[in-house]
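Okay, structure first, notes after.
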Protein chains: 2
Amino acid sequence: MARSGRRPGRTGTRDRILVSARAAFGESGFEGATVRGIARAAGVDPALVHHYFGSKEQLFVASIELPFDPQHLAALLVRGGLDGLGERMMRFAVSIWGQPRSLQVLLGIARSATSDPRAAEALRGILESSLLPAIRELGVDQPELRASLIWSQVVGLVFGRFVVGVTPLTAAAPEQLVAAVAPILQLTLTAPMP
Amino acid sequence: MARSGRRPGRTGTRDRILVSARAAFGESGFEGATVRGIARAAGVDPALVHHYFGSKEQLFVASIELPFDPQHLAALLVRGGLDGLGERMMRFAVSIWGQPRSLQVLLGIARSATSDPRAAEALRGILESSLLPAIRELGVDQPELRASLIWSQVVGLVFGRFVVGVTPLTAAAPEQLVAAVAPILQLTLTAPMP
DNA sequence: GGTCTAATTCAACGTCCGATGAATTCTACA
DNA sequence: TGTAGAATTCATCGGACGTTGAATTAGACC
């Protein structure tokens with residue numbers, strides 16, 4: 001039984017709450033995760049969560065900060081031109097979901113997007129602030145449609161691999177996925193579009 | 001205030017509950033939808049839901065019966081061979097999500113898959129009982145990986161169009177989507193795979 | 001007409017949830 | 001050393017949820 005009152009020394013409590021929150025939201029989405037569960041995982045009283053973050057929603061917002069800078073991504077994609085862009089995109093996706101913390105953020109957003117418009121907007125934001133500008137800058141025709149199709153392919157991959165657990169997708173090595181999907185993305189960039 | 005007791009005449013109450021349930025699950029997923037809300041939408045006391053279906057979970061199972069027969073779909077895809085298979089797949093997907101009831105069932109499963117392993121299994125089932133057998137039967141190499149990639153593309157499309165609301169995907173006419181995506185699916189079927 | 005069964009509502013229980021406000025303990029700084 | 005403020009817990013509130021059991025009303029069949 002932890003007695004009440006301030007703890008001696010520096011306790012990174014706020015950070016521990018954030019870490020637990022990312023794990024919980026990534027596992028169960030916004031609605032499925034509970035403030036009490038997050039507090040328990042952080043070894044802390046639920047009231048502390050509100051003390052630091054005000055509300056469950058604000059905690060969510062704080063915990064799903066995008067694990068990369070959209071402009072940086074856009075620049076990275078543009079650099080190198082249209083050639084090999086599909087592969088660069090896949091490599092970036094794979095490198096992001098290879099980091100546990102980034103993956104948690106991504107899954108937290110994706111799992112919450114099914115019920116929370118804000119999370120859905122965050123997902124759209126990745127498309128509109130990175131993918132679309134990059135493709136526009138390269139002067140491809142029908143940039144909106146192409147960017148959306150690429151976005152939906154990557155989202156589908158993440159969904160299949162990490163949410164639904166489709167065996168060939170969970171079993172494939174990252175390199176194999178890159179090799180398999182990159183040409184498809186490349187065709188999505190270059191094929192004639194209606 | 002509806003007084004208690006049996007209603008005169010034939011009241012399709014059970015069916016009305018099912019209809020409301022599909023709408024609610026499609027809109028909010030299993031956890032987000034509430035028995036009380038479904039009952040309210042059906043103009044009925046919440047206890048009736050349990051009288052007819054036993055539990056929220058059994059109601060969910062009853063309401064998400066797949067809107068098509070997997071074997072029939074597999075046969076439809078095989079008939080006609082590898083040529084134009086991508087287009088047939090897209091046409092089928094578009095025709096399914098064009099029917100409101102089917103779309104509700106699909107979205108109910110997809111939205112619940114983020115937290116409910118059973119729904120995730122139902123989603124995998126579409127892949128394993130229709131897509132994969134069809135592709136296998138056509139003698140393509142790497143059928144598991146190809147089927148999974150096609151599945152993830154279609155799931156991503158549904159997610160983008162109906163859950164996240166990606167503008168180019170919501171705005172595109174079904175025919176335009178078929179024309180844009182079919183060649184990509186076809187490449188996924190025929191491109192060399194690692 | 002009497003009786004059994006199905007349909008329907010009502011009232012309630014127990015649980016979990018997010019949130020609040022007060023009390024307690026420590027740190028920082030004058 | 002005294003005191004303001006930050007960190008932490010505790011007890012609790014009000015609400016929503018799934019579920020249950022009893023009571024009420026209608027149809028079906030003898």
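Both backbone and side-chain heavy atoms feed into the values below; hydrogens, waters and symmetry mates do not. Proteins come first, then strands; the chains are lettered A, B, ... in the order of their sequence lines, and each starts at number 1.
Between the OH atom of A/Tyr52 and the P atom of C/dA19 there is a distance of 18 Å, given to the nearest Å. Nucleotide C/dG18 holds its P atom 10 Å from the CD atom of A/Glu31, rounded to whole Å. Rounded to whole angstrom, the span from the CZ atom of B/Arg14 across to the P atom of C/dA6 amounts to 14 Å. Spacing between atom NE2 of B/His51 and atom P of D/dT24 amounts to 17 Å, rounded to whole angstrom units.
Candidate nucleotides C/dT8, D/dT19, D/dA7 were compared by shortest atom distance to the side chain of B/Thr13, and C/dT8 ranks first. Residue A/Leu48 has its side chain nearest to D/dT8 when only C/dA7, D/dT19, D/dT8 are considered.
At least one side-chain heavy atom of B/Ile135 sits under 4.5 Å from a side-chain heavy atom of B/Met89.
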For residues 43-54 of chain A, which side-chain donor-acceptor pairs fall under 3.5 Å, sequence neighbours excluded?
unit_1	atom_1	unit_2	atom_2	d
A/Asp45	OD1	A/Ala47	N	2.8

Got a list of side-chain donor-acceptor pairs under 3.5 Å for residues 120-131 of chain B, not counting sequence neighbours?
unit_1	atom_1	unit_2	atom_2	d
B/Arg124	NH1	A/Val164	O	2.6
B/Ser129	OG	B/Gly125	O	2.7
B/Ser130	OG	B/Pro70	O	3.3

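Residue A/Val44 is classed as a sugar-phosphate contact, given heavy-atom separations below 4.0 Å to backbone atoms only. In this structure, B/Ala33 reaches the sugar-phosphate backbone alone: every heavy-atom distance under 4.0 Å involves primed, P, OP1 or OP2 atoms, never a base.
Residue order along DNA chain D, read from the 5' end via each residue's closest nucleotide, puts A/Pro46 first among B/Gly37 and A/Pro46.
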Might you list the N or O atoms of the protein lying below 3.5 Å from N or O atoms in nucleotides 11-16 of chain D, with each pair's distance?
none

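Residue pairs meeting the salt bridge (Lys or Arg N to Asp or Glu O under 4.0 Å) criterion with at least one partner in residues 11-24 of chain B, sequence neighbours excluded, do not occur; the list is empty.
For A/Ser115, there are no side-chain hydrogen bond (donor to acceptor under 3.5 Å, both in side chains) partners, not counting sequence neighbours. Partners of A/Glu137 by side-chain hydrogen bond (donor to acceptor under 3.5 Å, both in side chains), not counting sequence neighbours: none found.
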